[in-house]
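To keep things clear, I will list the structure first and then write my remarks on it.
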Amino acid sequence: MHRRYLGPLAALLVLGGCATSQDLVVLLPDKDGKVGKVFVRNPKGDATLDTAYAAARTSGGGVKRDTASRDEVKDVFGSALTAMPPRPISFTLYFESGTDEFTDQSKQEVKRVLAEMARRQAPEITVIGHTDQVGPDPTNDALSLQRAERVKSILVGMGIPPTRILTAGRGRREPLVRTADGVSEPRNRRVEISVR
Amino acid sequence: MQAIRLIDVRRFVLALALALGFAPVAGLAVDIAQFKVAKGAVYLERGGKRMPAYVGTHLQATDVVVTGADGAAGITFIDNSLLSVGPNSVLQIERYAFNSTTHEGVFDTTLSRGTLSMVSGKIAKQSPDAVKVRTPSSILGVRGTEFLVRVAE
């Protein structure tokens, strides 16, 4: 009976020994050169990374703040970095006022969406509706989702498989142009297509 | 006969879940990401079963991505988070949830072995403490946006 517990117990002890895995964490600048922030913590220490190529190294338990060279990044992370998927890209569509018709400019934009999908492996899109600052959240959430669903059906009609399309209603949370509450702003009544 | 009964059971479970107020999301597995890159040996483990992963293979929360000595894989999530793993890597998606209206969500992963490159997406932008990466010895809180992690034994 006791013997049964020895296996898992031994595994636990081994895991406990491995808990001092040697980790390396490196913060990279994003494509615009901006840098985010990553906190690294373990039972014996912590570090905040907030500059480009700032690094945290853990060995023997603590967290040592350091800098990684570009060569080290290439050596250690080269394979992972070359396997990164392409960045998602957003396109914005507008309608002729009060209709389901895209503006002429938006018709061109739809062609760019199709071209972008053709360039990608296993492409998917999210169609995201946005409203202006008129009306309460629940109304705008429903309205923006309805408009996204309409655009989805247009895109399906153009031959994009429905399984590759998600829809979302972002309501009034993400205006393109900041306005006061209650302002009717056509530039905010839009549908965004995120291609990934 | 048997098949029909199985379908009935599934329908009943779904109806029950809906009646109890669970969104179908809670009861049924949902695709949250897709492989966009797969080079060499790349596998997906789900429910204790290992299968090869290809470009276009979908992922669900709690899936494990495993690469061999010549393997590397790139994955895009529905919140536009991107990640890739290099050779000899084991990465588990522990928890993933994304509300496409509010952008609230959670994204917890564990890198047990190997290398990870990540570009955080809409979840991290909305909720600074919602994205975490664990290693066998440490925990990373991600405020954005691009970073690398290696776990060496």
Side-chain angles (χ1 to χ4, degrees), chain A residues 15 18-31 34-44 46 49-50 55-56 58-59 61 63 68 73 76-88 120-124 126 128 141 144-145 166-171 173-174 194 196, chain B residues 34-40 42 54-58 67 70-80 82-87 89 99-103 111-121 124 128 133 135-153:
Chain A
L15 272 178
C18 280
T20 53
S21 65
Q22 299 199 359
D23 302 344
L24 168 62
V25 182
V26 183
L27 191 66
L28 295 181
D30 70 16
K31 61 183 192 308
K34 280 192 287 185
V35 180
K37 197 184 273 192
V38 171
F39 304 98
V40 183
R41 194 181 77 224
N42 71 18
K44 290 190 181 167
D46 57 69
L49 308 182
D50 54 7
T58 74
S59 61
V63 181
V73 165
V76 177
F77 298 104
S79 299
L81 283 168
T82 53
M84 274 304 263
R87 312 277 163 152
R120 288 173 181 248
Q121 298 261 53
E124 301 160 286
T126 301
I128 308 157
D141 290 355
S144 58
L145 184 60
L166 290 179
T167 53
R170 191 73 170 121
R173 292 172 186 77
E174 209 174 318
S194 173
R196 64 181 184 278
Chain B
Q34 200 176 31
F35 283 92
K36 304 292 184 183
V37 179
K39 299 177 190 168
V42 180
Y54 308 99
V55 170
T57 299
H58 287 278
T67 57
D70 64 341
I75 298 161
T76 301
F77 288 77
I78 55 172
D79 77 311
N80 285 354
L82 312 177
L83 64 78
S84 62
V85 288
S89 299
N99 179 324
S100 63
T101 297
T102 62
H103 287 185
L111 181 70
S112 310
R113 190 174 85 196
T115 50
L116 164 71
S117 167
M118 187 164 175
V119 177
S120 63
V133 178
T135 74
S137 64
S138 309
I139 178 163
L140 280 62
V142 178
R143 293 272 166 99
T145 44
E146 303 200 26
F147 61 96
L148 306 163
V149 187
R150 180 203 61 192
V151 173
E153 283 149 322

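Keep in mind it's a predicted model, so treat the numbers as computed, not measured. Each chain gets a letter, A, B and so on, in the order the sequences are listed, and its residues count up from 1.
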- Run the side-chain contact (heavy atoms from CB on, under 4.5 Å) check on B:Phe147 and A:Leu49 step by step: do they pass? CA-CA 10 Å; B:Phe147 61 96; A:Leu49 308 182; over 6 Å; no

Which one wins on heavy-atom pair count under 4.5 Å against chain B: [options]?
| options | value |
| --- | --- |
| A:Ala80, A:Ser194, A:Gly36 | A:Ala80 |
| A:Arg120, A:Gln121, A:Lys31 | A:Gln121 |
| A:Ala68, A:Ser79, A:Ala122, A:Ala55 | A:Ala122 |
| A:Asp46, A:Val63, A:Asp30 | A:Asp30 |
| A:Pro123, A:Pro88, A:Ala168, A:Gly78 | A:Pro88 |
| A:Lys34, A:Glu174, A:Arg196 | A:Arg196 |

- Query: Thinking salt bridges, do B:Lys36 and A:Glu124 make one under a 4.0 Å N-O criterion?
  - Reply: yes

- Item | Contacting moiety of A:Leu166, where chain B heavy atoms sit under 4.5 Å | side chain

- Atom group of A:Arg173 that falls short of 4.5 Å from chain B, counting heavy atoms: side chain

Is [X] close to chain A through its backbone or its side chain, or both, or neither, when contacts mean heavy atoms under 4.5 Å?
| X | answer |
| --- | --- |
| B:Leu111 | neither |
| B:Val149 | both |
| B:Tyr54 | neither |
| B:Ala72 | both |
| B:Val119 | both |
| B:Ser120 | neither |

Under 3.5 Å: donor-acceptor pair, side chain of [X], backbone of [Y]:
| X | Y | result |
| --- | --- | --- |
| B:Ser84 | B:Gly74 | no |
| B:Ser89 | B:Gly86 | yes |
| A:Thr58 | A:Asp23 | yes |

- Item | Stepwise side chain to side chain donor-acceptor pair (under 3.5 Å) check, B:Thr101 with A:Asp141 | CA-CA 7 Å; B:Thr101 297; A:Asp141 290 355; 5.5 Å; no

- Query: Just wondering, do A:Thr126 and B:Asn80 contact through their side chains at under 4.5 Å, heavy atoms?
  - Reply: no

- Would you say B:Leu148 and A:Leu28 make side-chain contact, with heavy atoms under 4.5 Å? yes

- Message: Going by ring-ring contact (aromatic ring centres under 6.0 Å, His included), name the residues that satisfy it together with B:His103, two or more places apart in sequence or in a different chain.
- Response: B:Phe98

- Task: Identify, with sequence neighbours excluded, every residue that meets side chain to side chain contact (heavy atoms under 4.5 Å, CB included) alongside A:Asp50.
- Result: A:Lys37, A:Thr48, A:Arg65

- Considering only heavy atoms and a distance below 4.5 Å, find which of B:Ile139, B:Val37, B:Val151 pairs most often with chain A. B:Ile139

- When B:Ile78, B:Asn99, B:Val133 are compared by non-hydrogen pairs under 4.5 Å with chain A, the top option: B:Ile78

